[in-house]
Amino acid sequence: MRRINIASTPGRVFTAVIALSCLAGCYFLMNAGLQQLTEARQMERLPQTPIAALTQGPYAVAGTVNGRLGTTKTPYSATEAVYYRYKLEEEYRDSDGDRRVRTLDSGQSGSSFVLDDQSGNTTITPGFDLSTAEWNIHRTYRRKSGSKIYSEWALRPGDTVRVIGNYSEVDQSINLQEMTQFNLPTLVSTSAQGSDSGDRLFGAALRISIATGLLALGLALLLPLIRIHRFWVYVVIMSLAVGGTLSTLGITKLRHEWQAIAALYETRYQQLDSAKQQTLALADVAALKQLIRLSTSGWLDRWMFRNEVENRLPLPELNAETTARAQAIVENQPDARYQHTWTSRALAAGSVVLALICLIFAIRTVKLKRLIEAVPTSSTRGLSFGLSELKGMVDTDDQYPPLRDPLNDQKCVAFDYKVEEKRGSGKDEKWKVVEHRTEQVPFWLEDNEGQVLVAPDGASIDYPLHHSEIRGDRRYSVRLLDTLVNVYCLGFAGLDRQQSDRLTIQQDENSPFLISGKDEEDIVLDRGARGFAGIAVSLGLTLFSATALFAADGGFSPDNLILSALMVPLLLSIYTGILHYNDIVFLKNRVDRARANIDTILQQRHDLWPNLESVVKVALSHEKKLHKVIAHLRQTPPSSGRTAAELEKTMGLERQVARFLQARVENYPDLKTNEIIQTFMAMMADTENYLSLLRDSYTESARIYNTRIQSFPDLILAALFRFKAVSQFSQEGQ
C-alpha cells in the first residue's frame, strides 16, 4: 500500500478531513468531559442528608427500599421490584463465522417507592419518563437458554439504595427530574457514592485528555496544510492554542461550577428558618459548607470559596451537638475514588511508554526534516566530502546501464516488485506476499554543472511511479525509479572506490540516505506533518497519564486543566530542547568524523616516513636539509591532540617535501625503482586530492557547528553540556 503524501491533492484532502474530524471530536469530548467533571465534583460535595432534615432543594439520601406503595414482577425471574430493567440477547455467528451477540428486546419499568432511614422516610417519585434519571443498579438475574440470554437489573424491597434528587416540601417526596441548575445528575444507585463519583471523575479525565490530544493532533495536521512546517512556529501555535484553550476552559468551567455550588448552598441556607428539624438542617448545611471547603484545590478554588460561600453566607455559631452532627456527616462522606485504581495506574504507565515511543518517532522524523532544511543544496561541480544534498535528473549510460522492471519491462534504476496471492475466504480473505524483491543499480545524477555517480544500495527510495494489476487470484505491483526524471537526493558524498579523484553519493551508517521523486518542500511538509502529529499524540498521551492518575486518586479538578495548560509549553520546550541537543550532537559528531578521516590519512602517510628516511639517507646523502625535514616529520605526532593550525603546518611541510623529493627522484634513476619511494609517491598523489576534500569538509562542518553553539537557543545547551568551539583551518591554506 502506498503511503499518502500530504503534498499531493488526495493527501491534502485526506489530511484536512482527519484534522477537522479531530477538532470536531475534541469539541464534543471536551464538553462531555467537563460536564462529567462538574457532576463528579458536585457529588463529592453533596452530603448524605438524614431524611428528617430534608427541606426544599437537591439532596443525596440513602436508605432501604420499602415496597408498600406497590411492586411489579420482573419479566424473567418474576421477582417483586419497584424498578427493573431487562434485556433479551441472542448469540449468533456472522457470515465470517465469528460469534456475536445482538439485542432482541429490552425495556424498563418503575413506579414510586418509599425510602426509609433511621430518621424517617420519604417517597421517591421517578415520574413518567424513567430515562431522565440514571439507574445504576446491579444485575440481579442472568440465564442462558440455548442461544438466548435473559438479564435483569431489579431494585427490590429491602435493597439499600442511594438517591440524588430534588426534594419538594409540598409533595413530601424526592422527584427524579433534571437538576441542570445545580450541575447534579439525577441518580438512583445501589453502588457506593465514592464509586459513582469516582467513575464519573475517571470518565471526565479520560474524555478531557483525549480531547486535548485530538486538539493537538488536529492543529498539527492543519499547519502543514497551510505550508507551515517550522518547528518553532509549531511550538508557539501549539502552546497558545492548546494551553490557551485549557486555561480558558478551566477558568470558565471553574466559574460556572462555583455558580452552581453557590446556588446549591444558598438553597439550603435559605431553608434554615423554615426547617422542621433545626438542629439536623443546620448540621446538614454546616456539613455541606465543610465538604465544599475540603473539595477546594488550588488558590483559585479557595478564592472562589471565600467569595461565593464563606463571606457571602456565613453560618450562625454552632452548638456542640450541631457541630458533632455536622462532623459525623463529613466523616461518613465516602471518598470519590475510581474503584479500579490499579487499572488506572497501569493505563497511566502504558500511556507514558507509548508517549515515549511516539516522541522518539517524532524526534527522528523532525530531526530528518530539520536536517533537510539545514543542509544546503550543492551542485555536482561544487560537491564536497560529507553529507550533501543534490537535485538533478536520473541518467544512465553504457558504463552504468539501466534495469528493466519485471512487470512492464520499463527502464529504471531501482524497483520494488511484489507478487501477492489471495488466500482464505470471507473475513479471513487476505493478500499474502509470495514474492518480493528489490533491485537497484548505480546511476548518474545530472544537473546544469555536471554529473555525479549515485550508488543507491541502502537508500530509502521514495519511488515516483507505481503500477499494479490483478491476474486471476494474484496481484502484481511494482514501484520504480525510472530514468530521465528529476529527483531529490540526500546522502553521503564519499570517495569513489574505483576512482579516487572523484566523489560518489553512497550509503554511510552515520548519515541518512534518501532518494525521492518529490520536491524538497513537499518532503519537508510531509516529514513535518508526521513529526508534528507524533509530538501531538505524545503530548495527548502524557496529559492522559497525568489526568488518569489524578482521577484514580480522586484529585482531578478544573485547576488541573490550568496546570495542564502550563504543562503544554513546558513539554513542548522539553521536546524543543531535545531536538536542539540532538542537532548539536549531530554537528559535533560530523566535525569529529571529518577530523578522524584527516587523522587516518595523515597516519597512513606518517607511517611511510621512517622507511623513506632510510632510503633518502643512502641515496641522497648530500641533501642534509631534506634529511632534517624528513626526520622532523617522522618524529612529529601524526594528529592526536593537535590543533587545526598545527595540522595545517604539517600538511604544508609534507607537500613541500613531496615536491622536492619528486624533483630529486627525476634525477636519480635508482630512486625511481625503489619500492618505498614508489609507494610514498603513489600515496601522496592519491591522497592529496582526497585530503583536500576532507579538509574542506572539516572546515565547513566546524563552521556550521561553531555558528550553532553561538546562536540562541543552542548557546544555552552548549553552556549546560559544555560543547566547546573547534578550531578551523585557515582560508589561505586551502
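Bear in mind the structure is a predicted one, so any value in this text is a computation, not a measurement.
Under the 4.5 Å side-chain criterion, counting only non-hydrogen atoms from C-beta, Asp159 is in contact with Arg156. In this structure the side chain of Ile124 never reaches within 4.5 angstrom of the side chain of Ser173, judged on heavy atoms. Annotation: side chain of Leu37 is in contact with side chain of Arg41 (closest heavy-atom distance under 4.5 Å). Between Ile174 and Asn166, the closest side-chain pair of non-hydrogen atoms is not below 4.5 Å. Considering only heavy atoms from C-beta on, Leu29 comes within 4.5 Å of Leu214 through its side chain. Side-chain contact between Leu315 and Lys289 is present, with heavy atoms from C-beta onward closer than 4.5 Å. Here the side chains of Pro126 and Trp135 are in contact, with some heavy-atom distance below 4.5 Å. Contact annotation: the side chain of Tyr86 never approaches that of Gln108 to less than 4.5 Å [non-hydrogen atoms, C-beta and beyond].
No donor-acceptor distance shorter than 3.5 angstrom exists from the side chain of Ser112 to the backbone of Thr125, with no hydrogens or angles considered. Not a single donor-acceptor pair under 3.5 Å links the side chain of Ser545 to the backbone N or O of Leu541. With hydrogens and angles disregarded, a donor-acceptor distance shorter than 3.5 Å links the side chain of Gln172 to the backbone of Glu169. When atom types are taken as modelled, the side chain of Thr322 and the backbone of Leu318 share no donor-acceptor pair closer than 3.5 angstrom. Under the 3.5 Å distance criterion, the side-chain polar atoms of Thr71 are left unmatched by any main-chain donor or acceptor of Gly67. Between the side chain of Ser538 and the backbone N or O of Ala355 there is at least one donor-acceptor pair closer than 3.5 Å.
Residues Trp153 and Tyr84 keep their aromatic ring centres 6.0 Å or farther apart.
What you find for Gly531 and Ala362 is that their closest heavy atoms are O-CB, 3.4 Å. Nearest heavy-atom pair, Ala326 versus Ala283, reported as atom, atom and distance to 0.1 Å: CB-O, 3.5 Å. Annotation for Val161 and Ser189: closest pair CG2-O, 3.3 Å, computed over non-hydrogen atoms. Smallest separation of non-hydrogen atoms from Asn66 and Phe113: O-CB, 3.9 Å. Contact detail for Leu176 and Ile164: the closest heavy-atom pair is CD2-O, 4.1 Å. The two atoms that bring Pro47 and Leu288 nearest to each other are CD-CD1, 3.7 Å, heavy atoms only.
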Quiz item: Does the side chain to side chain contact (heavy atoms under 4.5 Å, CB included) test come out yes or no for Thr72 and Ser111, once each step is laid out?
Solution: CA-CA 9 Å; Thr72 185; Ser111 59; 5.9 Å; no

Quiz prompt | Check against side-chain hydrogen bond (donor to acceptor under 3.5 Å, both in side chains), Asp129 and Thr132 | solution = CA-CA 6 Å; Asp129 187 3; Thr132 58; 5.3 Å; no

Quiz item: Can you check side chain to side chain contact (heavy atoms under 4.5 Å, CB included) on Leu34 and Met30, steps first, answer last?
Solution: CA-CA 6 Å; Leu34 290 173; Met30 187 66 76; 3.9 Å; yes

Exercise. Take Leu354 and Val352 through the test side chain to side chain contact (heavy atoms under 4.5 Å, CB included) and record every step on the way to the result.
Key: CA-CA 5 Å; Leu354 289 176; Val352 170; over 6 Å; no

Practice problem: Output, in order, the C-alpha distance, side-chain angles, deciding distance and verdict of side chain to side chain contact (heavy atoms under 4.5 Å, CB included) for Leu115 and Val163. | Solution: CA-CA 9 Å; Leu115 189 68; Val163 178; 4.3 Å; yes

Practice problem: Applying side-chain hydrogen bond (donor to acceptor under 3.5 Å, both in side chains), run through Thr74 and Glu152 and close with a yes or a no. | Solution: CA-CA 8 Å; Thr74 60; Glu152 290 177 348; 3.1 Å; yes

Practice problem: Apply side-chain hydrogen bond (donor to acceptor under 3.5 Å, both in side chains) to Asp284 and Thr49, showing your working. | Solution: CA-CA 6 Å; Asp284 180 63; Thr49 304; 2.6 Å; yes

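Salt-bridge check for Arg45 with Glu257: passed, with a basic side-chain N closer than 4.0 Å to an acidic carboxylate O.
Residue pairs meeting the salt bridge (charged side-chain N to carboxylate O under 4.0 Å, His left out) criterion with at least one member in residues 171-183: none, sequence neighbours excluded. Within the structure, salt bridge (charged side-chain N to carboxylate O under 4.0 Å, His left out) contacts touching residues 80-90 (residues at least two apart or in different chains) are Glu90-Arg102, Glu90-Lys148.
Under the side-chain hydrogen bond (donor to acceptor under 3.5 Å, both in side chains) criterion, Gln56 pairs with no residue, sequence neighbours left out. The ring pair (Phe, Tyr, Trp, His ring centres under 6.0 Å) test applied to Trp258 returns no partner, not counting sequence neighbours. With sequence neighbours excluded, the residues forming a side-chain hydrogen bond (donor to acceptor under 3.5 Å, both in side chains) with Ser119 are Asp117, listed by chain and number.
More than 12 heavy atoms of other shown residues, nucleotides or ligands fall within 6.0 angstrom of atom OH in Tyr92.
Between the CE atom of Met43 and the OG1 atom of Thr38 there is a distance of 12.5 Å, given to the nearest 0.5 Å. How far CG of Leu222 is from CG of Leu23: 5.5 Å, rounded to the nearest 0.5 Å. Atom CD of Gln48 and atom CG of Leu291 lie 11.5 Å apart (nearest 0.5 Å). Note that CG of Leu69 is 5.5 Å distant from OG1 of Thr123, once rounded to the nearest 0.5 Å. Here the SG atom belonging to Cys358 is positioned 11.0 Å from the CG atom belonging to Leu539, to the nearest 0.5 angstrom. Taking CD from Gln36 and CG from Leu206, the interatomic distance works out to 9.0 Å, rounded to the nearest 0.5 Å.
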Show me the donor-acceptor pairs, under 3.5 Å and distance only, between side chains in residues 57-65 and residues at least two apart or in other chains.
| from | atom 1 | to | atom 2 | distance (Å) |
| --- | --- | --- | --- | --- |
| Tyr59 | OH | Thr55 | N | 3.2 |
| Tyr59 | OH | Thr55 | OG1 | 2.5 |

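For the residue pair Tyr141/Arg139, the side-chain donor-acceptor check at 3.5 Å is not satisfied.
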